[in-house]
Amino acid sequence: MVLRLSLGENSYDIIIERGCLKKAGEYLKLDRKVLIVTDDGVPAQYAQAVASFCKYPHIVTLPQGEQTKNFNSYIHLCKEMLENNFTRTDCVVAVGGGVMGDLAGFAAATFMRGIDFYNIPTTLLSQVDSSVGGKTGIDVGEVKNIVGAFKQPRRVLIDPDLLSTLPQRQISNGLAESVKMALTCDEDLFNFIEKGVNEENLEEIIIKSIIIKKNVVERDEKESSLRRVLNFGHTVGHGIETAMFPALLHGECVALGMLPMCSDEVRARLINVLCALDLPVTASFDTEKVLQAICHDKKLAGSDINVVYVQSVGTFEFRKMSADDFERQLREVL
Ligand code: GLY
């Protein structure tokens, strides 16, 4: 299946096909210098498969994990390209999860003011969400994604076969983002997930999630309005992620973060779905620390917080919540 994301001259194809990694030479323009960025948690043969199609491949393997998404890794990638005389007509390929996609994409966005970027996501989370839409960036200290750029890839290759080596916890982690998209934008997808997720219907969930993401990004690429819906669960989720680091994965924090931001009726259905997917519905954390992380250590009192709220499945509202209501909701629900 090929989905076309239409953004004028930045339009691109998203290929969703079992085995497409092995056809990377057909789908990507690799007869040039290619920086392949991967991490040591990704099977090395994935990056090697891409390299086998390249005229001049340079594989960089970084340590797995969010800590790698930093300025030092970014400089490392830039130096690698500089030392190997990359020009504006060369390219970067990310082979990994969201961390590799964000980091490699940011290097591609900024090296020589922008060179071609391809994304080959290898985790479910990156296949259903982060590989599409052009958000790239790095963390600074504990603040996630605070430096970055919008850089649309030239093409995205989603190979569901790559998920066969993923631990079940990583599958659940990715499904949290699909639940987020279903709950806010697609009641049918939520009903579908509610009936049960298995190996057979996972590809369908990937496709349905990407269609939602694509429709949102086409209407609001730079997140001036509508795209904020994709942050549902993320305000609280990011706070929990920082406060609990490294105990919980991103999707697990998003799962928790959605719970205070919906009506009681929606929350009851959401809890059932999250439990069925082995995602957390409670966690013991220091609420003060979470609130501090949410506001980057500034005082929340007196300010309003922009949130995405789900009153009924498949719909969303942008709401402003007072800091007091926000804190109360957090303490009551989690
Ligand atoms: N993952 C949220 C977005 O791409 O906007």
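The basis for the numbers below is simple: all heavy atoms, side chains too, and nothing from hydrogens, waters or symmetry mates. Because the structure is a prediction, the values reported are computed rather than measured. Counting convention: from 1, in listed order, for ligands and their atoms alike.
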Hey, what polar pairs (N/O, under 3.5 Å) does ligand 1 make with protein?
{"unit_1": "ligand 1", "atom_1": "1 (N)", "unit_2": "D129", "atom_2": "OD1", "d": "3.3"}
{"unit_1": "ligand 1", "atom_1": "1 (N)", "unit_2": "D129", "atom_2": "OD2", "d": "3.4"}
{"unit_1": "ligand 1", "atom_1": "4 (O)", "unit_2": "K213", "atom_2": "NZ", "d": "2.7"}
{"unit_1": "ligand 1", "atom_1": "4 (O)", "unit_2": "R227", "atom_2": "NH2", "d": "2.7"}
{"unit_1": "ligand 1", "atom_1": "5 (O)", "unit_2": "K135", "atom_2": "NZ", "d": "2.9"}
{"unit_1": "ligand 1", "atom_1": "5 (O)", "unit_2": "R227", "atom_2": "NE", "d": "2.7"}
{"unit_1": "ligand 1", "atom_1": "5 (O)", "unit_2": "R227", "atom_2": "NH2", "d": "3.3"}

Original post:
Out of K144, K151, K69, K135, which one pairs with D102 under the salt bridge (charged side-chain N to carboxylate O under 4.0 Å, His left out) rule?
Top reply: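 The option that passes is K69.
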Original post:
Given the rule in the salt bridge (charged side-chain N to carboxylate O under 4.0 Å, His left out) test, do K195 and E204 qualify, once you have shown the distances and angles that lead to the verdict?
Top reply: CA-CA 13 Å; K195 287 193 190 113; E204 203 169 334; over 6 Å; no
Original post:
Is the gap between the ring centers of F106 and Y74 under 6.0 Å?
Top reply: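 They qualify: ring centres under 6.0 Å apart.
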What side-chain donor-acceptor pairs closer than 3.5 Å can you find for residues 21-28, not counting sequence neighbours?
{"unit_1": "K23", "atom_1": "NZ", "unit_2": "E17", "atom_2": "OE2", "d": "2.6"}
{"unit_1": "Y27", "atom_1": "OH", "unit_2": "E17", "atom_2": "OE1", "d": "2.5"}

Subject >> Rounded distance (nearest 0.5 Å) linking atom CD of Q152 with atom OG of S11 >> reply: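 That separation rounds to 9.0 Å.
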Subject >> M100 side, atom CE; D39 side, atom CG - distance, nearest 0.5 Å >> reply: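 Answer rounded to 0.5 Å: 4.5 Å.
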